[in-house]
Amino acid sequence: MSWPGVIKAYRPYLDVANVEPVTLQEGNTPLIPTPRLAHALGLPYCDLRIKYEGLNPTGSFKDRGMTAAITQALADGARSVICASTGNTAASAAAYAARAGLKCVVLIPQGKVAAGKLAGAIAYGAQVISIQGSFDDGLRLVREISMNSQIMLVNSINPYRLQGQKSAAFEICDELGNAPDWLCLPVGNAGNITAYWMGFTQYNAIGKAQNLPRLLGVQAAGAAPLVLGYPIEKPETIATAIRIGRPARGEEALIAAQDSKGRILSVTDDEILAAWKMLAEIEGIWVEPASAAGVAGLRKAATQNPHAYANKTIVCVLTGHGLKDPTTVMERAPVPLEIPAELDALQKAITG
Ligand code: F0G
């Protein structure tokens, strides 16, 4: 039987309207063992795995939450949906709204959305509005407008988003037979870390996992309100997906990190780019920069406190595909060597 999407796969555990789901058969993403990366991070005896969420239908983990939010919106009689987004939520909302026959409006921070995400939102037929402000400004606006109109908000403030996103925790436990020792992931608006913790604690409570993971949430240094303890008015990072200064679910993320005996830390853009390059060049896994934050955070935390990570089962969640953001690669790429179409020239050109 083919994979039916996360709602049908986990229906008894998800609080979503009991109707035919709006799905693109999201979820069921691979949990890839990455021993070469473990070695390179100085964790040779760890069972390090990558939950490759970039392989969801629109290229990010957002599809897990969007199937639930759009299914519920349709069941509740909505005609249109809206979100603010650093890009992935926009593309996902646009795709699922298209499939449900709903109008979709997305607000994006001007000039700060990676090309593949913007192209996706446009391709799926959303109305894209670029605001002269940050993601946080956009979120304030969509909250206000959805309170006073029929348009349904599908940011992760919407509880159904978290219901869907919990499914990633279930998949990890089902595959490992238990929860990992550590789960490392990037944190922006803090919906995903909150959803993972809900999923792991739920699975533990019903006896489907015997343990709980420690959560390592990772923010970019220029956008690290949860590490610094106050909102950031002008967040800045190359990891535009997590360029967020006022996370809507920040409180819950801090509680999840604390309850799990984990932590939230920050990494610099250089550390993010180093991890991003390692993933692609050592394991053949190309992600968008924000997605590498979890790996960068693991690297930093394991350097500070090797004992906590040695010999452990560690899952890093890679939230979005590299194709979302080709610009970050091309801006750093050397100009390709140009040669005449002759064997002799080719032999001379190949290095190493
Ligand atoms: N990784 C990627 C690739 C993202 O797009 C996001 C969030 C995150 C991590 C962080 O997840 O917000 O649940 O803590 N992107 C949102 C968006 C904000 O609009 O696409 P979070």
Side-chain angles (χ1 to χ4, degrees), residues 29-43 46 48-56 59-62 86-89 112-117 168 172 180 182-190 192-193 196 215-224 226-227 235-244 262-304 309 314-333:
T29 54
L31 192 61
I32 306 172
T34 50
R36 281 162 54 81
L37 181 65
H39 218 275
L41 294 177
L43 297 166
C46 278
L48 179 65
R49 316 255 184 131
I50 293 302
K51 184 69 173 159
Y52 196 8
E53 290 288 280
L55 296 186
N56 276 296
S60 85
F61 72 97
K62 304 287 181 181
T86 56
N88 282 322
T89 301
K112 298 290 183 180
V113 172
K117 304 178 189 182
I172 292 171
W182 282 99
L183 183 91
C184 313
L185 77 172
V187 175
N189 210 25
N192 209 30
I193 189 169
Y196 266 100
L215 301 180
L216 188 75
V218 188
Q219 300 206 288
L226 300 181
V227 179
E236 218 33 270
T237 169
I238 190 158
T240 52
I242 53 172
R243 187 175 163 272
I244 294 175
R263 58 187 286 216
I264 297 183
L265 81 171
S266 66
V267 290
T268 64
D269 280 5
D270 283 349
E271 288 168 329
I272 290 174
L273 287 174
W276 171 78
K277 207 165 149 44
M278 283 169 96
L279 277 160
E281 293 184 358
I282 298 177
E283 295 286 6
I285 301 173
W286 176 35
V287 296
E288 61 168 292
S291 299
V295 174
L298 171 62
R299 189 182 195 189
K300 183 170 174 180
T303 310
Q304 291 169 348
Y309 300 89
I314 304 176
V315 171
C316 289
V317 182
L318 300 191
T319 45
H321 202 286
L323 287 167
K324 291 275 188 176
D325 186 5
T327 315
T328 299
V329 179
M330 296 316 288
E331 278 175 358
R332 287 164 179 74

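Every residue two or more places apart in sequence or in another chain that forms a side-chain contact (heavy atoms from CB on, under 4.5 Å) with Ala301 is listed here: Leu216, Arg263, Leu265, Tyr309.
Heavy-atom minimum distance, Pro289 versus Ile272: O-CG2, 3.2 Å. In plain terms, the two heavy atoms of Ala241 and Ala290 that are nearest each other are CB-CB, 3.6 Å. Counting all heavy atoms, side chain and backbone alike, Ile314 lies closest to Cys46 at CD1-SG, 3.7 Å. Residues Trp182 and Gly262 share a closest heavy-atom pair of CZ3-CA, 4.0 Å. The heavy-atom pair separating Gly217 from Ile193 by the smallest distance is CA-CD1, 3.9 Å. Nearest heavy atoms, Thr237 versus Ala220: OG1-CB, 3.4 Å.
Using bins of under 30°, 30° to 60° and over 60° for the plane-to-plane angle, the ring pair His321/Tyr52 lands in the parallel bin.
Side chain of Lys51 to backbone of Thr29: a donor-acceptor contact under 3.5 angstrom is found. Remark: the backbone N or O of Val287 is not paired with any side-chain donor or acceptor of Ser291 at under 3.5 angstrom. In this structure, the side chain of Arg36 does not engage the main chain of Glu283 through any donor-acceptor pair within 3.5 Å. Looking only at distances, a side-chain donor or acceptor of Asp269 sits under 3.5 Å from a matching main-chain atom of Ile238. At least one donor-acceptor pair closer than 3.5 Å links the side chain of Arg243 to the backbone N or O of Pro235.
Taken to the nearest 0.5 Å, the CG atom of Leu273 stands 10.0 Å off from the NZ atom of Lys277. Separating the CD1 atom in Ile264 from the CG atom in Leu226 is a distance of 5.0 Å, to the nearest 0.5 Å. Of the inter-residue distances, the one linking Thr319 atom OG1 with Asn88 atom CG reads 7.0 Å to the nearest 0.5 angstrom.
Under the 4.0 Å criterion applied to side-chain N and carboxylate O atoms, Lys62 and Glu53 are not assigned as salt-bridge partners.
Arg49 is not listed as a side-chain neighbour of Thr34, based on a closest heavy-atom distance of 4.5 Å or more. The closest side-chain heavy-atom distance from Leu185 to Val315 is not below 4.5 Å. Looking at Val187 and Val218, their side chains never come closer than 4.5 Å, going by heavy atoms from C-beta outward. Within the 4.5 Å cutoff, side-chain heavy atoms of Leu298 are placed close to those of Leu48. Put simply, the side chain of Asn189 does not reach to within 4.5 Å of the side chain of Ile242, judged on heavy atoms. With contacts defined as side-chain heavy-atom distances shorter than 4.5 Å, the pair Val113/Thr86 does not qualify. In this structure, Lys300 and Glu271 have side chains that are in contact, with non-hydrogen atoms separated by less than 4.5 Å. Between Cys184 and Val317, every side-chain heavy-atom pair lies at or beyond the 4.5 Å cut-off.
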How far apart are the C-alpha atoms of Ile285 and Leu37, what are their side-chain angles, what is the distance that settles it, and do they pass the side-chain contact (heavy atoms from CB on, under 4.5 Å) test? CA-CA 11 Å; Ile285 301 173; Leu37 181 65; over 6 Å; no
Between Thr328 and Trp276, does a side-chain contact (heavy atoms from CB on, under 4.5 Å) hold up when you go through it step by step? CA-CA 11 Å; Thr328 299; Trp276 171 78; 3.8 Å; yes
Assess whether side-chain contact (heavy atoms from CB on, under 4.5 Å) is satisfied between Ile282 and His39, documenting all intermediate values. CA-CA 10 Å; Ile282 298 177; His39 218 275; over 6 Å; no
